[in-house]
Amino acid sequence: MRWSKTFIPTLKEDPADAEVISHKLLVRAGMIRQISRGIYNYLPLALRVIRKIETIVREEMDRAGAQELLLPMVSPAELWRESGRWEVYGKELVRFKDRHERDFCLGPTHEEVITDLVRRVVRSYRELPFNLYQIQTKFRDEVRPRFGLMRGREFIMKDAYSFHGDVEDCRREYENMFHAYNRIFTRCGLKFRPVEADTGAIGGTLSHEFQVLADTGEDALVSCTRCDYAANVQKAEVKAQRLAGRNLKESSPPIKKVATPGKKTVAEVANFLGLASERFIKTLVYRTDGGELVAVLVRGDHEVNELKLRTVLGCQEVALAGETAVEQSTGVTPGFLGPIGIELRVVADQAIQGIRGGVTGANEANAHFVEVDQERDFTPSVFADLRMAAAGDPCPRCEGGTLEARRGIEVGQIFHLGRKYSETLGATYLDAEGREQPIEMGCYGIGITRLLAAAIEQNHDGNGIIWPLSIAPFHVLLLPIQYREKAILEVTDTLYDELRKRGVEVLLDDRDERPGVKFKDADLIGVPLRVTVGAKGLQRGGVELRWRRDGNTEEAIVGEASGKIEARIKEALKI
RNA sequence: CGGGGCGUAGCGCAGCCUGGUAGCGCACCUGCCUUGGGCGCAGGGGGUCGGACGUUCAAAUCGUCUCGCCCCGACCA
């Protein structure tokens, strides 16, 4: 492609409405433009990257035995009413009526549609298993779209759904997809990590997220330094530990009430009393979806994991009760709560068990208890894993490993769905004994456009994007310094033709711009290999090859350049 | 939905508080010059100041309403 004939509107300055680096660079590199909040135009350069990613995804999905199809973007309300999600999904589901006043929605995901298709076809176990996927535009009316392509309302996604006669086979396919996903993200040239994940609103029993590692990621992860355990902090287990020695004392001195005027947070009280925050027992009051208020205890240096709390309390929703509700139910403001004498059900994190020499609120204003001995002074209704895992925790899976904290961008997630949709939508088959059974299902998603943004979050520098070669819009940027000079033009055009014949994807910057402008744009759009043709080099009979990622350069003799470039690209693509 | 911020030329911004009919940089056009990291000089074109209503002799500026966009929070296959 010739730059002058390609629509690449680059920008010198950051757009005012962009916050994160991938958003800024995507706009500045002339790849996307916003048309409405969370909705973007994909310009030619972006589309080339999208196609590259899609090709990798297709090749690996096909290799893994899945088949591509294409479901409609619009689906009828009846299906969603049948699954119950018409009511449950809320405003994120964009609904509209056709001219006959019939309800429809834009598909935010396609479990209903695919399950409907399959239930109309499959009759026998002989027809199972299979895995169907599509690459398609989805629409979710996100509460708050943000960060450019990272969280748009409209986005491109690959979604796959598999159907099986039994759980074991469904698990086998889950493993199959797990490996396919590893290959896909590896081929995309990304540093990523599969992590154990919560199943969320999709439902199901087993799930992994594929997280592209980037400090700017929205998701917090923990991973073991020793084994391959990794999990979203939402999901990460905390290993039950024996008490830390400093909390153990042979005998407990009597409990003592101390004045802590105006000191509400753990940090304030710890500082005021000169005691470490691990010795604190933090008391938080949550309201369940049933309306009950529950006191939740975690150590002062720990955070409550609301997901775990929901599971332990057996409810769908929990939320901090709020100051007013706390005062009404306990007679004290949140900063001075404690488990001793509180009139609420008390649940405690496992780390609270057996604490001696602890500190808690005294359930009266401006006072705390010290020298609290859990076994002597209070008994929660249950001890459980209720806290957020944190860096430094011992690994829950191996001996001697330690968890470290990472941040990631979720670009894929796989689920073992089980029978959730097949049961509600009546997708069944007859087994070998002639009994009707609900189909076992799995589903597997990859956010294509989010992957594009994540790749940039992970691969950029102060000058712009640094594309991994496998998903770069072009392999080579051919940059003549003075394209109107005959000698340079001839060498450039010859090289351009030869490279194209050799199957190298090359963008020729044929614009009549000053070198500085071209170099800056070259760095900005991030094409992996830059080939500069200039008078300086030609005097020595050569052109300059320069890698975007590390700035390494080498000279190639004009006559040998195209062969050398092809070799370098092929070599780099193999890795 | 709650909180905060911003809409002025294609892009990035100033002007608004204290009302008097719009400016800067980049980009764009013309000419000269220059050509290995966003050149230089000279000249030039382009804006119903997001929209509506109001106050006023007079509104980018003050008031009310409205639309759009951004950030934080709640939310999220």
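Between the side chains of A:Gln34 and A:Tyr40, at least one donor N or O sits under 3.5 Å from an acceptor N or O. In summary, the side chains of A:Glu112 and A:Ser83 do present a donor paired with an acceptor at a separation below 3.5 Å, with no hydrogens or angles considered.
For B:G73, the paired base is B:C1 (Watson-Crick or G-U wobble, both distances below 3.5 Å). Pair assignment for B:U35 gives none, since no Watson-Crick or G-U wobble pairing has each distance under 3.5 Å. As the counterpart of B:U18, no nucleotide is assigned, since no Watson-Crick or G-U wobble pattern has both distances under 3.5 Å.
Of the two residues near RNA chain B, A:Lys138 and A:Gly516, the one whose nearest nucleotide lies more 5' is A:Gly516. Residues A:Gly38 and A:Arg33 both approach RNA chain B. Their nearest nucleotides, taken by heavy-atom distance, put A:Arg33 toward the 5′ side.
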Tabulate protein N/O versus nucleotide N/O from nucleotides 49-51 of chain B, keeping only pairs under 3.5 Å, one per line.
none

Report each atom pair, protein N/O against N/O of nucleotides 29-34 of chain B, whose distance is under 3.5 angstrom.
{"from": "B:U34", "atom 1": "O2", "to": "A:Arg514", "atom 2": "NH1", "distance (Å)": "2.4"}

Please tabulate the protein-to-nucleotide N/O contacts below 3.5 Å involving nucleotides 73-75 of chain B, giving atom names and distances.
{"from": "B:C75", "atom 1": "N4", "to": "A:Arg146", "atom 2": "NH2", "distance (Å)": "3.2"}

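The separation of B:U48 from B:A52, taken at their C1' atoms, amounts to 13 Å, rounded to a whole angstrom.
Listed by chain and residue number, nothing satisfies the side chain to side chain donor-acceptor pair (under 3.5 Å) test with A:Arg95 (two or more places apart in sequence, or in another chain). With sequence neighbours excluded, the residues that form a salt bridge (charged side-chain N to carboxylate O under 4.0 Å, His left out) with A:Lys138 are A:Asp159. Take A:Arg81 and apply the salt bridge (charged side-chain N to carboxylate O under 4.0 Å, His left out) test, not counting sequence neighbours, and it matches A:Asp103. Qualifying salt bridge (charged side-chain N to carboxylate O under 4.0 Å, His left out) partners for A:Arg119, counting only residues two or more places apart in sequence or in other chains: A:Glu82, A:Asp116. A:Glu292 meets the salt bridge (charged side-chain N to carboxylate O under 4.0 Å, His left out) test with A:Arg345; sequence neighbours excluded.
Not less than 6.0 angstrom separates the ring centroid of A:Tyr174 from the ring centroid of A:His164.
In terms of polar N and O atoms assigned as donor or acceptor, the side chain of A:Arg511 never comes within less than 3.5 Å of the base of B:G38 in a complementary pairing. For A:Gln482 against B:G36, no side-chain N or O and base N or O form a donor-acceptor pair under 3.5 Å.
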Which atom pairs, one a donor and one an acceptor, fall under 3.5 Å between side chains of residues 516-527 of chain A and the rest of the protein, sequence neighbours left out?
{"from": "A:Lys518", "atom 1": "NZ", "to": "A:Pro480", "atom 2": "O", "distance (Å)": "2.9"}
{"from": "A:Lys518", "atom 1": "NZ", "to": "A:Asp509", "atom 2": "O", "distance (Å)": "3.0"}
{"from": "A:Lys518", "atom 1": "NZ", "to": "A:Arg511", "atom 2": "O", "distance (Å)": "2.9"}
{"from": "A:Asp521", "atom 1": "OD1", "to": "A:Thr10", "atom 2": "OG1", "distance (Å)": "3.1"}
{"from": "A:Asp521", "atom 1": "OD2", "to": "A:Thr10", "atom 2": "OG1", "distance (Å)": "3.3"}
{"from": "A:Asp521", "atom 1": "OD2", "to": "A:Arg511", "atom 2": "NH1", "distance (Å)": "3.2"}
{"from": "A:Asp521", "atom 1": "OD2", "to": "A:Arg511", "atom 2": "NH2", "distance (Å)": "3.1"}

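For residues 480-496 of chain A, the set of pairs meeting the salt bridge (charged side-chain N to carboxylate O under 4.0 Å, His left out) definition, not counting sequence neighbours, comprises A:Arg2-A:Asp493, A:Arg484-A:Asp512.
Proximity of A:Ser36 to the phosphate of B:C69: a side-chain N or O atom is located under 4.0 Å from OP1 or OP2.
A heavy atom closer than 4.0 Å to some atom of RNA chain B occurs in A:Lys520, A:Asp521, A:Asp523, A:Arg530, A:Thr532, these being the qualifying members of residues 520-533 of chain A. The stretch residues 4-13 of chain A comes close to RNA chain B through A:Lys12, A:Glu13, each having a heavy atom under 4.0 Å from the strand.
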